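Below, each value reflects all heavy atoms present in this structure, side chains not excepted, and no hydrogens, waters or symmetry copies. Throughout, numbering of the chain's residues begins at 1 and tracks the sequence. Source: prediction; values computed, not measured.
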Amino acid sequence: MFAISLGADGAELRPLEPRHAAEFLEHMDRGRESIGQYIKVADAVADLGSSRTYLRDYAEKAAADTGRIYGIWLDGKLVGSVLFRTMDLALGVAEAGCWLEPSAAGRGLATRAARVIIDWAIRERGIHRVEWLVASPNHASIAVARRLGMTKDGVLREFYPHRGQRLDVEVWSVLAPEWRPGVG
């Protein structure tokens, strides 16, 4: 296993694997309401079995080279995640995303972690376009996209059905020639 330092505060980025299912569930329980405002993972990971399944699905994506998930640990506690929800190496396109539980918000962790995985995807895997899809009311995630140097491509109106309503989704992206890992 590897761990990548995210800075002087002791935060680390590590692969999130099925063996972390109990810890992942505890993390989700701590942040369920906040995380679940805009993304479905909080509803999908409801018990140990669904936590294991969620992480197993990402392990299978990693094996197939179609996605990845990483945990953000702070002081030895899992507090968030960054991921490539999708990766299409033939097209050179990946969709990145993140979440944090409330106790970890406001420290730049999501931006630092996303910067690491985006830099890897562009430099090591040859990804040309990294997308960031975010519900329009999710101002914290939009701020991460901005800090990463992404450009807003547009809005998919009422695109995302979530908890009984349809949310607008903003599409942000960065292209390999634009990528500057130290931005933000």
Side-chain angles (χ1 to χ4, degrees), residues 6-7 9 11 13 16 24-47 50-51 53-55 57-58 61 67-74 77-88 93-119 121 127 129-175 178-181 183-184:
L6 294 176
D9 58 3
L13 185 68
L16 199 47
F24 188 59
L25 177 61
E26 291 171 8
H27 153 64
M28 200 53 57
D29 286 343
R30 287 190 302 270
R32 187 170 309 282
E33 196 49 45
S34 174
I35 295 166
Q37 287 179 12
Y38 305 113
I39 60 175
K40 294 180 180 181
V41 64
D43 297 335
V45 177
D47 55 32
S50 58
S51 180
T53 297
Y54 190 86
L55 294 178
D57 288 348
Y58 270 94
K61 283 183 175 189
R68 299 272 191 293
I69 189 168
Y70 301 93
I72 301 168
W73 274 264
L74 184 61
K77 183 171 84 171
L78 179 63
V79 296
S81 181
V82 289
L83 71 158
F84 287 113
R85 200 183 69 74
T86 61
M87 283 181 68
D88 186 324
V93 177
E95 179 193 335
C98 71
W99 64 79
L100 293 169
E101 60 186 66
S103 67
R107 301 173 188 221
L109 293 172
T111 303
R112 288 184 270 159
R115 188 176 292 122
V116 169
I117 69 167
I118 291 169
D119 193 58
I127 293 294
R129 175 184 169 88
V130 177
E131 297 178 334
W132 191 270
L133 277 64
V134 54
S136 291
N138 190 345
H139 302 293
S141 188
I142 291 168
V144 171
R146 284 189 175 116
R147 285 192 298 272
L148 291 168
M150 293 185 164
T151 299
K152 183 177 175 181
D153 295 332
V155 177
L156 303 171
R157 298 179 310 135
E158 295 186 7
F159 179 76
Y160 183 59
H162 186 63
R163 294 187 173 177
Q165 60 181 338
R166 295 195 71 85
L167 300 174
D168 290 352
V169 170
E170 296 185 14
V171 179
W172 291 74
S173 69
V174 64
L175 305 178
E178 302 166 341
W179 177 244
R180 297 182 325 248
V183 170

Just wondering, do [Y] and [X] contact through their side chains at under 4.5 Å, heavy atoms?
X	Y	value
Leu13	Ile117	yes
Arg115	Trp179	yes
Arg147	Val144	yes
Trp99	Ile39	yes
Met150	Ile118	yes
Val41	Phe24	yes
Leu83	Arg68	no

Test ring pair (Phe, Tyr, Trp, His ring centres under 6.0 Å) applied to [X] - qualifying residues, sequence neighbours left out:
X	result
Tyr70	none
Tyr38	none
Trp73	His20

If you draw a 6.0 Å radius around OH in Tyr160, do more than 12 non-hydrogen atoms from other residues or ligands fall strictly inside?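 Yes, because the 6.0 Å sphere around OH of Tyr160 holds more than 12 heavy atoms from other groups.
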
How would you list, by chain and number, every residue that makes a salt bridge (charged side-chain N to carboxylate O under 4.0 Å, His left out) with [X], sequence neighbours excluded?
X	result
Lys152	Glu170
Asp57	none
Asp88	none
Arg166	none

Hey, is the main chain of Arg85 close enough, under 3.5 Å, to the side chain of Lys61 for a donor-acceptor pair?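 Yes; at least one donor-acceptor contact below 3.5 Å.
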
Checking Arg32 side chain against Val45 main chain: does a donor-acceptor pair fall under 3.5 Å?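 Answer holds: yes.
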
Can you name the residues that form a side-chain hydrogen bond (donor to acceptor under 3.5 Å, both in side chains) with [X], not counting sequence neighbours?
X	value
Ser103	Glu101
Asp43	Arg163
Arg107	none
Ser50	Asp47

Can you tell me how far the CH2 atom of Trp132 sits from the CG atom of Leu148, to the nearest 0.5 Å?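 Result: 5.5 Å between the selected atoms.
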
Residue list, side-chain contact (heavy atoms from CB on, under 4.5 Å) with Glu178, at least two apart or on another chain: Val174, Leu175

